[in-house]
2 protein chains.
Amino acid sequence: MAQNSGQGITIYDVAKKANVSISTVSRVFNNSPLVSSKTRKKVQKVIDEMGFVPSSIARSLVSASSKTIGLIVSDITNPFFADTIDGIESVLHSEGFSVFLCDTRYNREREANYINQMLEKRVDGIIIFSADISGIELLTGIKNELPIVSIQSAFKEVDCVNTTDEEGAYEAVDFLIKSGHRKIAFLVYDYDNSTITNRMKGYLRAHDDEGIPVNDDYIIKMKFNPNAGYYMAKELLESHPEVTAIFAYNDMIAIGAYMAIYQKGLKIPDDISVVGYDDIEMASIISPGITTVSQPFYEMGRTAAELLLKRIKEEDRSIPQTILLPTRLTVRGSTRTLTP
Amino acid sequence: MAQNSGQGITIYDVAKKANVSISTVSRVFNNSPLVSSKTRKKVQKVIDEMGFVPSSIARSLVSASSKTIGLIVSDITNPFFADTIDGIESVLHSEGFSVFLCDTRYNREREANYINQMLEKRVDGIIIFSADISGIELLTGIKNELPIVSIQSAFKEVDCVNTTDEEGAYEAVDFLIKSGHRKIAFLVYDYDNSTITNRMKGYLRAHDDEGIPVNDDYIIKMKFNPNAGYYMAKELLESHPEVTAIFAYNDMIAIGAYMAIYQKGLKIPDDISVVGYDDIEMASIISPGITTVSQPFYEMGRTAAELLLKRIKEEDRSIPQTILLPTRLTVRGSTRTLTP
DNA sequence: GTGAAAGCGCTAACAC
DNA sequence: GTGTTAGCGCTTTCAC
């Protein structure tokens with residue numbers, strides 16, 4: 001173990017003690033091949049003894065690269081963000097980059113503040129994974145100078161990594177239809193963004209392809225609130241008890257629906273089937289487990305980081321591209337086949 | 001709007017264009033009073049026009065302070081971490097500090113890696129909010145050089161910010177007893193740490209103080225798994241259906257218990273009352289809302305940050321101190337009064 | 001009130 | 001293979 005954490009110790013201290021020049025010290029901890037193994041060993045020993053840790057600040061100043069990327073998310077507690085962050089870091093760390101992570105909590109002011117911090121810190125690029133679009137608006141002012149990759153929000157002006165939302169919803173609803181369900185509700189937030197639009201398209205197209213008419217009354221919308229799923233399902237169960245399946249826009253809504261169903265004294269999936277979206281951890285904890293559309297969050301992170309790194313390295317500012325990643329239906333206990 | 005984000009523009013560029021020296025430019029964006037308002041206005045205009053953003057890298061190098069603190073958490077998706085992080089940032093930002101946030105996901109290797117990154121980045125201090133103790137072990141090697149504050153894990157060698165776990169559990173169980181409950185189960189993880197020990201103490205002392213004997217069979221233990229609450233409650237309901245109330249070690253366990261109770265066809269709180277701990281968001285989403293012990297997460301963050309800042313500023317390395325923050329029982333629909 | 005100059009800890013030519 | 005040296009973009013004395 002080193003005697004200390006190297007705070008305050010510089011290459012000069014190491015050089016002096018090892019009787020070499022600072023260049024040699026620099027070469028050693030940069031793994032330059034231009035050092036004899038004998039010198040390297042000698043210097044490394046002194047580095048370890050003194051607990052020397054090179055200052056990334058000084059390195060950044062001369063190399064004109066902070067080796068840091070900024071990551072903006074709108075809500076770090078959102079369970080699937082963690083996997084995405086993992087994916088991002090897995091590729092970034094192997095390239096020696098670190099991540100400056102900022103949680104805006106859907107707050108514009110914080111967002112602006114963080115972006116300014118990133119500029120000051122001279123991040124080499126920015127990845128933004130924000131449910132709403134506002135952060136991206138703020139970024140447009142700098143997108144010509146700094147590579148930017150957006151995850152899960154379609155935006156033509158920067159590189160994007162998205163999932164196939166329409167197909168995911170299609171697969172979920174198609175699964176219900178093929179299981180014999182005909183009266184399938186859709187519980188969704190009342191907003192206008194590409195994700196909602198695409199999942200709605202999938203819901204409609206699945207009906208269309210199977211020749212099943214859509215009953216507009218089965219589409220329940222509500223502005224976002226943490227309890228929205230509960231209220232929407234409650235309303236649905238009262239007004240349309242004939243419904244045999246619910247497709248929820250996401251797992252949080254599905255969980256709210258569970259509560260409304262349980263309180264009505266109904267059983268899942270015996271009386272009603274439920275399908276969610278996202279596959280958050282709670283989807284497998286709750287009982288029965290939620291049949292849901294899993295998104296490749298880790299892969300999304302990896303893809304975004306690779307895209308960004310390519311832009312950083314190649315200084316490539318050509319036309320922004322969008323990469324679409326596929327989803328997968330995970331079947332658990334919340335759905336059953338309807339035998340007529 | 002600035003023409004660009006200032007990447008690549010230095011104080012020399014600004015100085016030249018404004019016809020002043022670089023010192024003056026520096027004084028302007030540092031709000032030094034030693035500039036005439038006329039000069040200030042002139043320089044500020046150029047700064048805005050060019051979109052100059054000072055490099056925190058260069059500033060850190062000369063000022064020998066990164067104005068950054070490292071924050072280590074074991075799982076950012078843990079819902080209450082977000083509030084704590086908010087609290088931390090609220091005090092840090094007002095002092096011009098930024099936060100380097102690292103999610104170790106309970107992985108030692110990542111932890112060590114992040115600590116090394118923090119050392120390289122020359123953070124001015126570290127706050128660690130990690131369920132397990134390992135991170136703190138890693139930090140002991142550097143605690144003499146860098147201020148460290150730990151949140152929610154008792155550790156004598158560094159400053160700590162904790163909550164009154166025993167009192168929180170006491171208040172919860174006392175509330176149940178005062179509501180007429182006599183057969184109260186405790187569902188808890190099977191580990192040996194101070195938080196678990198303290199809540200157990202609270203559970204026992206509440207019984208003791210009211211002269212109610214504790215039935216050891218009502219204390220159900222299980223190693224951590226995401227579904228532990230469900231399994232423990234299931235076991236309890238089968239072996240001891242006479243129980244009228246459950247005190248869960250945390251809200252996740254309480255939610256698992258809800259599932260087991262619902263599947264048994266029982267109603268909450270009619271057939272059985274449930275009390276949780278933490279007051280995570282889901283505690284108010286789920287139905288009925290969970291009566292639970294709320295922790296002052298935001299305040300914990302603020303307190304930790306203030307403690308750290310004090311250490312950083314005063315270069316104060318005196319005896320580590322521990323600050324205990326109180327909890328509060330939040331009564332919702334999951335509990336009822338038992339009329340004999 | 002303003003400017004000149006030294007130096008923070010490193011990297012990267014360039015010289016030997 | 002190794003050392004010397006000139007900066008990187010700022011802050012901070014110290015003159016004026």
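Letters go in sequence order (proteins before strands), and every chain restarts at 1.
The terminal axes of the helix from C/dG1-D/dC16 to C/dC16-D/dG1, fitted over 5 pairs per end, subtend an angle of 40° to the nearest 10°.
Taking a heavy-atom distance under 4.0 Å as the criterion, the stretch of DNA chain C touched by chain A extends 5' to 3' from C/dG9 to C/dA13.
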Do any N or O atoms of the protein come closer than 3.5 Å to N or O atoms of nucleotides 6-9 of chain D, and which pairs are they?
{"unit_1": "D/dC8", "atom_1": "O2", "unit_2": "A/Val62", "atom_2": "N", "d": "3.3"}
{"unit_1": "D/dG9", "atom_1": "N2", "unit_2": "B/Ala58", "atom_2": "O", "d": "3.4"}

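Residues satisfying the ring-ring contact (aromatic ring centres under 6.0 Å, His included) criterion with A/Tyr12, sequence neighbours excluded, are absent altogether. The side-chain contact (heavy atoms from CB on, under 4.5 Å) search around B/Asp103 returns B/Val73, B/Ile76, B/Arg105, not counting sequence neighbours.
A donor-acceptor contact under 3.5 Å is formed by the side chain of A/Ser23 with the base of D/dT4.
A donor atom on one side chain and an acceptor atom on the other are not found under 3.5 Å apart for B/Ser55 and A/Lys121. A donor-acceptor contact closer than 3.5 angstrom links the side chains of B/Thr39 and B/Ser36.
Across all strands, A/Ser60 comes closer than 4.0 Å to no nucleic acid atom at all (heavy-atom distances).
By the 4.0 Å N-to-carboxylate-O rule, B/Lys17 lies close enough to B/Glu49 to be salt-bridged with it.
Separating the CD1 atom in A/Ile128 from the CD1 atom in A/Ile126 is a distance of 8.0 Å, to the nearest 0.5 Å. Here A/Arg108 contributes atom CZ and A/Asn113 contributes atom CG; the two are 14.5 Å apart, rounded to the nearest 0.5 Å.
B/Glu281 CD: 12 or fewer foreign heavy atoms inside a 6.0 Å radius. Open room surrounds NZ on B/Lys38; 12 or fewer heavy atoms of other groups in view lie less than 6.0 Å from it.
Using a 4.5 Å cut-off on side-chain heavy atoms (C-beta onward), A/Ser60 and A/Ile57 make no contact.
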**Study point:** side chain to side chain donor-acceptor pair (under 3.5 Å) between B/Arg40 and B/Asn31, intermediate numbers included
**Key:** CA-CA 9 Å; B/Arg40 157 161 286 121; B/Asn31 291 315; 4.7 Å; no

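Taking the six-membered ring for Trp and the full ring otherwise, A/Phe129 and A/Phe81 have centroids separated by under 6.0 Å. Ring to ring, B/Phe52 and B/Phe29 are close: their centroids are under 6.0 angstrom apart.
Near DNA chain D, meaning a heavy atom under 4.0 Å from it, residues 25-33 of chain A has A/Arg27 in order of number.
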